[in-house]
Every structure is written in C-alpha cells, then in structure tokens.
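I have placed the structure first, in the form of structure tokens, so that the comments after it can refer back to it.
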Amino acid sequence: MKLIFEKGAPGQHLSLLPACDVPEVEIVSPRAEAPELPHLSETELTRHYTALAKRVHGVNDGFYPLGSCTMKYNPKINEDMANLPGFTNIHPLQPEETVQGCLEVLHTSAKLLGEITGMDAMTFQPAAGAHGEFTGLLLIKAYHKNRGDEKRTKIIIPDSAHGTNPASAVMAGFTVVNVPSGPDGCVDVEALRSAVGPDTAGLMLTNPNTVGIFDRNILEITKIIHDAGGLCYYDGANLNAVMGVVRPGDMGFDVIHLNLHKTFSTPHGGGGPGAGAVGCKALLAPFLPGPVVEETENGCHLAVPEHSIGRVKNFCGNFGVVVRALTYVLTLGQEGIPEAAKNAVLNANYMMKRLSEKYTMAYAGPCMHEFVMDLQDLKAATGCSAMDIAKGLLDHGIHPPTMYFPLIVHEALMIEPTETESRETMDEACDVFLALWDLAHENPQALHDAPTRTPVRRLDEVGAARNPVLKYTPND
C-alpha cells in the first residue's frame, strides 16, 4: 500500500472547508521552502483512509485477549451519552453556573467510583494509567513532606509489576526497591518484611497481580507497610476482576488509580484519550490536584484542596471519557458491576482449563481475570517461541495476547478474555491456540514464516527498533 505522499499528482485538489468568513491574514512561514504536501482529489483521499481503516484490528473486529490491558467491548450507549450537546457544546472556561450538568457528572462519578473502590475523594485530571501512578506517588510524597518526614525516599515494588510502576516512582523522585515473588507468583512476605524501614515511603501493588492471582496475604502486606509508616498504592490495571466484589480501600490501600479507558469500557488504544482517575483516602484528599468538584446547597463548584500538589493536566481531565465511564457504571448498576467481574474471572478460568490440555501454565489455577502461559518447554521441543505462536494467531484474525510479560516468565503469553466474550468465541480461539501447538510440532517452519495471510508479512522487528525510519523523504 502506497503512502499518501506517493499518491496524487500536481493540479489535483479538493475543497473540504467552507468559504472564509473572516479577514484573511498572511502568515510568514519560517520555512525556507514550502512543504511537499500531496495533491489529491477527494475521492483519492477518502479511499486512502478507508483502506487504512480496514487494516485496523480492534475489539469490534475480532478476539483481542491482550493480557493486563482489559480490552473489552465499548457499549454504543456510552458514545450516545458522551455526544449529547450539553456535554459537547461547552467550553471549560464557562462560568460554573452554566455547566452544572458537567460538574454533576464529575461529582457523581467520583462518588460512585469511590464506593466501588473504597476511596473518599477523587480527581479525574490524569490522562492515563501511568499518569495516574505518577499523580498518586506525588500525593504520597506530599503527605510525608507535610508531616516533616522527608527521609522516606523508597517505594517498594514487586518484581512482577507493570513496567510503568518503577518508572513512575523514579519520576516522582523515589528510589525503587524490588521485592521477589514466591513460587506461587505472589509477594514474598518475608522478603517484604526485610525491605521495609524508616525510609519506606510506600508500596505499589496490583491485586489481582500481574500473573492473574489474587494475593491472599494482601491484608498482611498492607499492614507491614503501614506499621513501617508507609502508604499503600493500588495499581488499578486489574480491577476488572474484582470490581464490586472486593474494594482496594478495604484491602488497606490509601491511594489508587483507575483506568477508565479499560475497566469502565471507554475506548482504549490508538494513543488515547484515556483517563487515569486517582482516588484516595481522606488523609490524602488535601493534596489532590485542583480543582476538584464540591457539592453545596447552591450546586456544584470547583475548589482547590488546601495542600494541593497543583494541576497535572488542564481543567478536569478528559471529560468525555468520564461521561462514558459513568454511563457504563449507571447502566450496569450495583448488581451488574460485580456480575461483570465474576464473568471475567469465569471466562479466564474456562480458557485456562482448555488450553492447559497442551500448554504449560506458569502458575496453577484458579486464576482471576487473566492467566500466563509459559512456552519454554514448547520452544525447547520444537524451536517455536511465544513470538511464533503470536504471529500464527494473526493468520486466524486473532490479536495476539501480551507477549514476554511479566518478565519473570521468559516465554510468556498472557491472556485476558474479559467478560464481553462469548463461550463460542473463546472456543474458536482455544481451537486455534491448540492447532498452533500441533503445528509447532508438525511443521515448525510454518510458524517461523507466519503470518502469511496478513497485509504485511513478518517484519524485521530488531532492525526496525535499531534503525527506525522516522520521516518520509520524497524520492528517497
């Protein structure tokens, strides 16, 4: 497929913009030469982008079991609500009294998500999960500083954590201390005890964890941190497995982030927009980014918490994403939220059981919302790696699961079917996985060559990573 710069011819053009109704102003360009933009007709332009759209694979196209990412279906009612004129035809600098409905959306969302998670206050400013992590860690840092306890400089993180956890901790100015996982995939409690001390600022943890297991020692873990004077941060990436069933706040966590663009069914992927809402217990509420929405007898208004860390994003974050998430919560309601979580767990265990007929599981079940397969024995027997199986899936219209993560499993494929997939879809996917296992033993070269039925065959990924071509050069 040609690039758009390789299409068209001089003299071709299209008119998509209405006639200018304001005085024209000539802008002096700093360019020495005019940009070499393509000349295309409207027909060519629409055909080009339609062809590109047909190559995109998302949850509306087929099975998308991306582990640790919760790529679930996005109900269309969410889009209808987010596109209501009262939400789209506003400006964030309007007077508060003219946007009361929007402020009520933020206030109601904070209240309901607080009930689901066991938190007392919430901000919607962070634009994504990692941004939420960074914000939550700044809250922990501000809390210790406000108490004059600035010797607390270390954040404890399990070795199975998402890579963004240590990155966020370093960005917030902390030193990272890794603790190992035990044979069961959970935190080694004794190693954790040895790691805490007067310099412990907090712990970052996902529960269920990155290998899809709910840590049964969670109350002991958070108590160890609290007894040492630290705070506990909950990475909400895996909340989909437990929402409405157990609450992070009841596990002992003081601050969390939620991926509204994952758990709460808003569009996810393609670079955004996302929403990494951060909730916290009352002790951290005075440090939240401002403004936050407060409800009074005269309606909702924006206020800045007493010791606010300041803004982490303009205005109140990606508002349209919050509208979609609130629609999802209200649609499912008090009974539907935990039902979705339980169905996610059921689906994951169903696929885990079927695939364990041939594949080796990294950790024994039952799992929660996701599970990790360890393909080291398959690679040793056939030479086919996790990458080869992933590439083989592409020929069957299935998006590969997360590969080579977590790092503690060397040939890992991590699968999360979510609650929105039917048994029929999961059976079809399992049949493909099992057939690829057979193919690895019968004809491993076929998997080394895969994919063969996609628009682009297997790429030189090492070459692309080491020698990326970042711009188009005409006639190159």
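- No salt bridge links D449 with R457; every basic N to acidic carboxylate O contact stays at or beyond 4.0 Å.
- The minimum heavy-atom distance between P248 and V246, with the atom names listed, is CD-O, 4.1 Å.
- The pair K154-D199 meets the salt-bridge criterion, with a side-chain N (NZ, NE, NH1 or NH2) lying under 4.0 Å from an Asp/Glu carboxylate O.
- R193 has a carboxylate O that lies under 4.0 Å from a charged side-chain N of E220, or vice versa, which qualifies the two as a salt bridge.
- Side-chain contact check for S181 versus C186: every heavy-atom pair is 4.5 Å or farther apart.
- Residues P406 and M414 meet the side-chain proximity criterion, which asks for heavy atoms closer than 4.5 Å.
- Across all non-hydrogen atoms, the minimal contact from N238 to N209 is ND2-O, 3.1 Å.
- No hydrogens or angles considered: nothing links the side chains of D395 and T454 as a donor-acceptor pair under 3.5 Å.
- In this structure, E104 places its CD atom where only 12 or fewer heavy-atom neighbours from other residues, nucleotides or ligands lie under 6.0 Å away.
- Side-chain atoms of T117 and L258, non-hydrogen and from C-beta on, do get closer than 4.5 Å to each other.
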Applying salt bridge (Lys or Arg N to Asp or Glu O under 4.0 Å) to K391 and E461, what does each step give before you reach the verdict? CA-CA 12 Å; K391 296 298 185 182; E461 298 185 20; 2.6 Å; yes
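- Between F319 and F87, the ring centre distance stays below 6.0 Å.
- Taking every heavy atom of both residues into account, Y363 and M352 meet most closely at O-CE, 3.3 Å.
- No salt bridge links K379 with D388; every basic N to acidic carboxylate O contact stays at or beyond 4.0 Å.
- Judged by distance alone, the side chains of Y233 and E133 never bring a donor and an acceptor atom under 3.5 Å apart.
- Proximity of a side-chain donor or acceptor of E370 to a complementary backbone N or O of I415 within less than 3.5 Å is not detected.
- Among all heavy-atom pairs drawn from E416 and C69, the shortest one is OE1-N, 3.4 Å.
- Nearest heavy-atom pair, I218 versus L205, reported as atom, atom and distance to 0.1 Å: CD1-CD2, 3.4 Å.
- Classification of the H441-W437 ring pair by plane angle, with boundaries at 30° and 60°, yields tilted.
- Between M368 and V242 there is a side-chain heavy-atom pair separated by less than 4.5 Å.
- Separating the NE2 atom in H399 from the NE2 atom in H57 is a distance of 6.5 Å, to the nearest 0.5 Å.
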Given side chain to side chain contact (heavy atoms under 4.5 Å, CB included), test N349 with F371 step by step and report yes or no. CA-CA 8 Å; N349 279 279; F371 58 96; over 6 Å; no
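- Checked by atom type and distance alone, the side chain of N217 never pairs as donor or acceptor with a backbone atom of I221 at under 3.5 Å.
- Proximity of H448 to C384: side-chain heavy atoms (C-beta onward) are separated by under 4.5 Å at one or more points.
- Residues that satisfy the salt bridge (Lys or Arg N to Asp or Glu O under 4.0 Å) test with K72, not counting sequence neighbours, are E419.
- Side chains of S68 and H162: a donor-acceptor N/O pair is present below 3.5 angstrom, by distance only.
- No side-chain heavy atom of M81 sits under 4.5 Å from any side-chain heavy atom of L326.
- Of the N and O atoms on the side chains of Q445 and N443, not one donor lies less than 3.5 Å from an acceptor on the other residue.
- Minimum heavy-atom separation, F433 to Y359: O-OH, 2.6 Å.
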Checking side chain to side chain contact (heavy atoms under 4.5 Å, CB included) for the pair L436/V432: CA distance, chi angles, key distance, verdict? CA-CA 6 Å; L436 292 176; V432 171; 4.1 Å; yes
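- Residues L203 and I155 fail the side-chain proximity criterion, which asks for heavy atoms closer than 4.5 Å.
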